[in-house]
Q: 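Sharing a structure below in structure tokens format, with a few things to ask.
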Amino acid sequence: MKQYLRQLPPIHELQKEERFERILANFAITKGQLTKFLQQEMGDLRQRILNNHIPNGFFNDGIEVVIFQHVEKRVEQWTLDRLTRVINGTGTVLHTNLGRSRLSEKAVRHVADVARNYSNLEYQVEAGKRGSRHDIIEDLLKEVTGAEAAMVVNNNAAAVFLVLSALAKEREVIVSRGQLVEIGGSFRVSSIMEESGAHLVEVGTTNKTHLFDYEKAVSEETAMIMKVHTSNFMTVGFTESVATEDLVALKNDRDVVFYEDLGSGSLFDFTAHGIGDEPAVKEVIGSGVDVISFSGDKLLGGPQAGIIAGKKDIVQKLKKHQLARVLRVDKMTFAALEQTLKSYVSEDSVTDELPTVRDVTRAAEDIRRQAEFFSDELQAQTSSYQVDIQESTSQVGGGTMPGVHLPTYIAAIHHAFLSAHELAAKLRAHTPVIVTRIQDERVCVDFRTIAEKEMKELIEGFSTISQRN
Ligand SMILES: *Cc1c(COP(=O)(O)O)cnc(C)c1O
């Protein structure tokens, strides 16, 4: 093998090659990075030679050609976008792994405009002096929530942390055992409470908590009663929890803060469409809760954010807390949130403009038409697939509405010789990435989450895969 190793050109020779310069000119990488890829390639090549694998082309094309072909592949891989768009064929609308809510076109345009330019993020234009980012969209937030005051932080987990730290540090917070939830493995009410320095006082049992459980637990040490929306699971059967109104009466009587973590917090009446039983944010505020928080990118359909709304003195205290600076959001989030909230002026604009709300409320018949169109088009292009349109259900996702199964139609797809897992892997390797679900050894696409403008790419994706084989 020694004679092959001896024939390998040194790095500094390769760096002088015209091909080295060409890669530098064609790709957005530095000379240092390219040299590193060359070194890696040479290391691998030496190893392969030592293992008796002499690469094809060693003699015919010249080893430099082979090396640079391989290096170019490495560079291509490196320069690909890490964060990339995905066609979501799972039907799960708030797919946490796939980025939850898609933003409205209006929101995206506003983000681009604000990002590209200077803005009045912390500037009072009329007065010509310094302002606060907390004031930028507070009027909109007050309008949609019905609260006296509101603010925005990084996400709802941050909101929970801020509320507990600012209002209950070293004091007690009463929570029902039925509401000590864990969401997505990384957010646990009990852990966040511990981090915030508030002391958790658990009351009731997993399935039943009564008003008297709360009454007995309230003491001099109590700062807060906290209600947590059990977003991602259901307790069924012999269960009981205390109504918000009863807790409001109790907290008024004992002079403690009542905080409700709504999780998703919907501003749209999904129940009127027969979907779920999410509490409406306005109703919760109207019932007298002191402070609430909810996510911006769950049912609201906006950017990742945590919205806090409630009594003026409480929100004021939160805005002034040191953590508010730590947890603050940037101008792009405000821009996206502003336009998302503006879509809530009417039911029509909400369902027309916000992809999340539109997808959750889509009629099954509409989805069926899309599935049939896909099936017809694909089978017109290739005979590699067998496609069956089937009734199925989709999930809302994002830890919201766990008991809701939205009626939908899926295309169950069978490839002539690829297994479902092989086909799904090829779809994931496609650009744009196509994520599907596998059911009964079939690749299934649920069209609830496929936008009209993605249909062409989706069909092309399937059809190029069939041709490659
Ligand atoms: C989702 C959720 C959270 C966390 O919200 P993020 O915006 O994801 O940080 C907190 N509490 C409840 C009840 C939730 O459902």
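Both counts, for ligands and for their atoms, begin at 1 and track the order of listing.
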Q: Can we say K331 and E338 salt-bridge, meaning some charged N sits less than 4.0 Å from an Asp/Glu carboxylate O?
A: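 Looking at K331 and E338, the cut-off is not met.
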Q: Show the atoms of ligand 1 that are less than 4.0 angstrom away from any heavy atom in A157.
A: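 Listed by number with element, the hits are 4 (C), 5 (O), 6 (P), 9 (O).
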Q: Is a donor on one side and an acceptor on the other found under 3.5 Å between the side chain of E353 and the backbone of V350?
A: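 Between the backbone of V350 and the side chain of E353 there is no qualifying donor-acceptor contact (under 3.5 Å).
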Q: Which atoms of ligand 1 are found less than 4.0 Å from any heavy atom of G263?
A: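 Checking each atom against G263, I get 12 (C), 13 (C), 14 (C), 15 (O).
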Q: Which one of H229, K298, Q304 has a non-hydrogen atom at the shortest distance from atom 1 (C) of ligand 1?
A: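 Considering heavy atoms of H229, K298, Q304, the nearest to atom 1 (C) of ligand 1 sits in K298.
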Q: Okay, side chain of T351, backbone of E347: is any donor-acceptor separation there less than 3.5 Å?
A: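 Yes: the side chain of T351 pairs with the backbone of E347.
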Q: Which of the numbered atoms in ligand 1 are below 4.0 angstrom from a heavy atom of R100?
A: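 This gives 6 (P), 7 (O), 8 (O) as the contact atoms.
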Q: With sequence neighbours left out, what residues match F270 under ring pair (Phe, Tyr, Trp, His ring centres under 6.0 Å)?
A: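 Expected list: F268.
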Q: Any heavy atom of V160 sitting closer than 4.0 Å to ligand 1?
A: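 No, V160 has no heavy atom closer than 4.0 Å to ligand 1.
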Q: Counting only heavy atoms, tell me which of L300, N156, V189, N154 gets closest to atom 10 (C) of ligand 1.
A: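 Nearest option to atom 10 (C) of ligand 1, by heavy atoms: N156.
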Q: Which option wins on minimum heavy-atom distance to atom 11 (N) of ligand 1: L262, D261, T400?
A: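 When every heavy atom of L262, D261, T400 is considered, D261 comes closest to atom 11 (N) of ligand 1.
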Q: Say whether, by atom type as modelled, one donor and one acceptor occur between the side chain of S219 and the main chain of E221 under 3.5 angstrom.
A: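 The answer is yes, because a donor-acceptor pair under 3.5 Å joins these two groups.
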Q: Counting N and O atoms only, with roles assigned by atom type, does the side chain of N117 sit under 3.5 Å from a partner on the main chain of D113, one being a donor and the other an acceptor?
A: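 Between the backbone of D113 and the side chain of N117 there is a qualifying donor-acceptor contact (under 3.5 Å).
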Q: For ligand 1, which atoms have a heavy atom of F187 less than 4.0 angstrom away?
A: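 Reading through ligand 1 atom by atom, the close ones are 10 (C), 11 (N).
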Q: For D359, check salt bridge (Lys or Arg N to Asp or Glu O under 4.0 Å) against everything at least two apart and list the hits.
A: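 Here the qualifying residues are R102.
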Q: Atoms of ligand 1 less than 4.0 Å from S295 heavy atoms?
A: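 Within the 4.0 Å cut-off of S295, ligand 1 contributes 5 (O), 6 (P), 7 (O).
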